[in-house]
Amino acid sequence: QVQLVESGGGLVQPGGSLRLSCAASGFTLAYYAIGWFRQAPGKEREGVSCISSSDGSTYYVDSVKGRFTFSRDNEKNTVYLQMNRLKPEDTAVYYCAATNRRLYGSTWDDVDEYDYWGQGTQVTVSS
């Protein structure tokens, strides 16, 4: 059974850090492109970052560049999103997603490209 499980969310003050984890079971993450998405109340789901399966290229939405870092631990079949210098506008439910499609700079943030989704983890940035 294919499953993605996110963890690591929580409440943090502006300027703080969190590390989200996404653990996979039922398939090998290394062979899939993995995306992180977020959805704030009343807003559409937004692509945050992606790591490709083919060459390990990473993509980031402009609003998180320089603050978030995507990494992969193939031995643990887990990916991570390190989030630093968090802002209130980063508040959202964060989801990881996986696809065996080849993604490019123009497609990595398209929710329809992904086949498997986790249940999400809440990140709240507030003082």
Side-chain angles (χ1 to χ4, degrees):
Q1 181 181 359
V2 172
Q3 193 172 17
L4 293 168
V5 178
E6 303 97 334
S7 61
L11 173 64
V12 64
Q13 292 187 343
S17 299
L18 284 174
R19 189 177 79 156
L20 304 184
S21 301
C22 173
S25 59
F27 68 103
T28 302
L29 273 181
Y31 302 138
Y32 285 73
I34 309 298
W36 281 101
F37 289 78
R38 64 186 179 187
Q39 190 166 20
K43 294 188 176 181
E44 292 188 353
R45 195 165 295 191
E46 173 190 40
V48 176
S49 183
C50 170
I51 189 165
S52 74
S53 59
S54 56
D55 59 4
S57 296
T58 52
Y59 304 96
Y60 297 93
V61 67
D62 286 346
S63 60
V64 308
K65 285 180 180 177
R67 300 189 298 122
F68 290 13
T69 304
F70 198 148
S71 62
R72 185 201 299 260
D73 186 333
N74 291 336
E75 289 189 2
K76 295 183 177 180
N77 214 29
T78 300
V79 297
Y80 304 96
L81 186 67
Q82 178 66 43
M83 307 187 296
N84 298 328
R85 304 201 310 274
L86 282 160
K87 305 176 181 180
E89 51 264 42
D90 295 319
T91 295
V93 178
Y94 283 71
Y95 301 87
C96 65
T99 179
N100 60 7
R101 296 182 179 86
R102 187 164 186 174
L103 301 179
Y104 301 91
S106 60
T107 61
W108 71 267
D109 57 349
D110 184 346
V111 297
D112 293 332
E113 292 289 334
Y114 293 84
D115 300 308
Y116 308 113
W117 291 82
Q119 83 290 346
T121 185
Q122 176 70 47
V123 171
T124 303
V125 185
S126 175
S127 55

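- Residue pairs meeting the disulfide bond (SG atoms under 2.5 Å apart) criterion with at least one member in residues 58-127, sequence neighbours excluded, are C22-C96.
- For residues 35-84, there are no disulfide bond (SG atoms under 2.5 Å apart) pairs, not counting sequence neighbours.
- R38 has its side chain out of reach of L20: every pair of non-hydrogen atoms, C-beta onward, lies at least 4.5 Å apart.
- Between Q119 and E6, some side-chain heavy-atom pair lies under the 4.5 Å cut-off.
- The shortest side-chain heavy-atom distance between S49 and L81 falls under the 4.5 Å cut-off.
- Salt bridge K65/D62: present, at least one basic N to carboxylate O contact under 4.0 Å.
- Residues I34 and F70 meet the side-chain proximity criterion, which asks for heavy atoms closer than 4.5 Å.
- Judged by distance alone, with hydrogens and angles left aside, the side-chain atoms of T99 form a donor-acceptor pair with the main-chain N or O of E113 at under 3.5 Å.
- Applying the ring-ring contact (aromatic ring centres under 6.0 Å, His included) definition to pairs two or more places apart or across chains, those involving residues 3-35 are F27-Y32, F27-Y116.
- A donor-acceptor pair under 3.5 Å is formed between the side chain of R72 and the backbone N or O of L29.
- Inter-residue side-chain proximity for L4 and Y95 is flagged as unmet; no heavy-atom pair is nearer than 4.5 Å.
- No donor-acceptor pair under 3.5 Å is formed between the side chain of D73 and the backbone N or O of T78.
- In this structure, CG in D90 is found 7.0 Å from OG in S63, a value given to the nearest 0.5 Å.
- By the 4.5 Å heavy-atom criterion applied to side chains, W117 and V111 are counted as neighbours.
- The number of heavy atoms from other shown groups lying within 6.0 Å of CD (E75) does not exceed 12.
- Going from atom CZ of F37 over to atom CH2 of W108 covers 7.0 Å, rounded to the nearest 0.5 Å.
- Residues R101 and D115 have side chains in contact (heavy-atom distance under 4.5 Å, counting atoms from C-beta outward).
- Between the side chain of T91 and the backbone N or O of V125 there is at least one donor-acceptor pair closer than 3.5 Å.
- Judged by distance alone, with hydrogens and angles left aside, the side-chain atoms of Y59 form no donor-acceptor pair with the main-chain N or O of D109 at under 3.5 Å.
- Side-chain contact between Q82 and S17 is present, with at least one heavy-atom pair separated by less than 4.5 Å.
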